[in-house]
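First comes the structure, then the notes that go with it.
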Amino acid sequence: MSAIAGNIARIRSGLPAGVTLLAVSKFHPVEALREAYDAGQRVFGENRVQELLAKQPLLPPDIEWHLIGTLQTNKVKYIAPFIHTIQSIDSPALLEEVDRQAAKCNRSLRVLLEIHIAAEASKHGFSPDECRTLLRNGPADACPHIRIGGLMGMASFTEDREQVRQEFRSLRTLFDELKPLAGDAFNTLSMGMSGDYPVALEEGSTLIRIGASIFGERRL
Ligand SMILES: *Cc1c(COP(=O)(O)O)cnc(C)c1O
């Protein structure tokens with residue numbers, strides 16, 4: 001078994017039923033993604049459009065691609081034909097552009113709303129209140145080519161486990177509050193990375209985004 005296959009097997013064996021493992025393959029070569037694919041991995045995440053566009057045509061078509069990094073509105077058109085889920089929706093303007101481009105491709109596109117839960121100002125996303133307002137205004141009517149599939153968040157980069165736990169817990173609470181407003185497609189709570197996913201799982205994550213613990217440290 002390759003190191004990558006072993007890592008995937010180890011992480012999977014600790015996942016509760018119903019939790020999705022997203023392999024974050026940014027900065028890793030196509031060969032590494034193929035190893036993961038051969039180990040049965042089908043859900044991959046990239047954080048830059050350019051890198052995603054370079055890799056996607058070289059890999060099998062049954063991969064479910066997620067975008068997890070900041071997305072500029074002028075780049076939505078490049079990924080709209082094939083992307084499975086855009087996890088990093090951080091403004092109403094971006095949501096509208098995704099709707100427009102999905103319409104052009106005759107697709108319905110799945111998105112997650114990125115919520116700013118970390119103490120750090122550098123992280124992107126809606127505040128909980130902005131997110132409530134957005135969902136109360138019924139984006140399903142304004143953006144018929146979009147399905148809001150849930151929320152995504154990143155905890156603070158800190159050694160303080162208790163702070164990380166509280167941030168994940170606040171995201172779970174918001175998810176539970178918004179679920180009745182948001183409709184049936186709203187079923188994914190994306191939280192947890194290599195360094196903090198066990199805590200995220202304890203706090204109710206349904207999708208973990210794992211890079212380093214699958215592929216090793218990134219070669220920057
Ligand atoms: C890079 C990245 C990850 C994965 O981080 P690791 O620490 O390598 O597991 C998860 N989510 C987002 C948004 C990322 O940019």
Side-chain angles (χ1 to χ4, degrees), residues 3-15 19-30 32-33 35-36 39 41-55 63-72 75 79 83-91 94 98 110-126 131 149-161 163-165 167-168 171-172 175 188-220:
I4 289 173
N7 291 340
I8 289 173
R10 181 177 42 78
I11 295 166
R12 277 195 188 291
S13 70
L15 290 187
V19 173
T20 300
L21 172 60
L22 173 80
V24 177
S25 46
K26 64 189 184 199
F27 302 120
H28 291 282
V30 166
L33 280 74
E35 266 184 63
Q41 183 65 30
R42 292 294 179 272
V43 189
F44 288 82
E46 289 281 339
N47 73 335
R48 289 167 44 217
V49 168
Q50 213 180 353
E51 192 173 342
L52 175 57
L53 292 174
K55 289 173 175 173
I63 287 180
E64 192 182 289
W65 291 102
H66 290 224
L67 189 80
I68 60 171
T70 313
L71 176 59
Q72 292 169 331
K75 294 198 174 153
I79 61 170
I83 198 82
H84 180 279
T85 299
I86 300 174
Q87 295 206 5
S88 39
I89 299 290
D90 59 4
S91 74
L94 183 56
V98 172
R110 191 165 175 274
V111 302
L112 306 184
L113 303 176
E114 183 171 354
I115 309 295
H116 186 268
I117 51 169
E120 295 134 48
S122 62
K123 301 233 157 58
H124 290 263
F126 292 99
C131 187
L151 305 179
M152 185 269 263
M154 246 187 286
S156 295
F157 188 70
T158 168
E159 293 296 311
D160 184 347
R161 295 276 97 182
Q163 183 182 343
V164 168
R165 184 179 297 284
E167 289 172 1
F168 285 147
L171 189 57
R172 174 78 212 196
F175 179 78
T188 299
L189 180 57
S190 169
M191 58 184 199
M193 319 191 345
S194 294
D196 57 21
Y197 79 86
V199 180
L201 290 173
E202 284 168 13
E203 297 303 328
S205 170
T206 73
L207 183 150
I208 56 172
R209 309 180 307 268
I210 306 295
S213 292
I214 293 177
F215 295 107
E217 291 304 324
R218 286 181 278 281
R219 292 170 244 164
L220 285 163

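Side chains included, hydrogens not; waters and symmetry mates left out as well; all remaining heavy atoms used. Keep in mind the model is a prediction, meaning the values are calculated, not measured. Ligands are counted one by one from 1 in listed order, and the atoms in each one are counted from 1 as well.
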Note to self: Applying a heavy-atom cut-off of 4.0 Å, say which part of Gln87 lies close to ligand 1: side chain, backbone, both or neither.
What the structure shows: neither
Does an N or O anywhere in [X] fall below 3.5 Å from an N or O of ligand 1?
| X | result |
| --- | --- |
| Asn47 | no |
| Ala212 | yes |
| Gly211 | yes |

Select the closest option to [atom] among [options], judged by heavy-atom distance.
| atom | options | result |
| --- | --- | --- |
| atom 13 (C) of ligand 1 | His66, Met191, His124, Met154 | Met154 |
| atom 2 (C) of ligand 1 | Met193, Glu114, Lys26 | Lys26 |
| atom 4 (C) of ligand 1 | Arg48, Glu217, Arg209 | Arg209 |

Checklist line | Ligand-residue contact atoms, ligand 1 with Ile210, heavy atoms, under 4.0 Å | finding: 9 (O)
Margin query: To the closest 0.5 Å, what do you measure between CZ (Phe44) and CG (Leu33)?
Written below: 5.0 Å
Notebook entry, point to check: To the nearest 0.5 Å, how far apart are CD1 in Ile83 and CG in Leu67?
Noted result: 5.5 Å
Taking side chain as C-beta onward, heavy atoms only, is [X] less than 4.5 Å from [Y]?
| X | Y | value |
| --- | --- | --- |
| Lys75 | Arg48 | no |
| Glu51 | Phe27 | yes |
| Leu207 | Leu112 | no |

Note to self: Any donor-acceptor pair under 3.5 Å linking the side-chain atoms of Gln87 with those of His66?
What the structure shows: yes
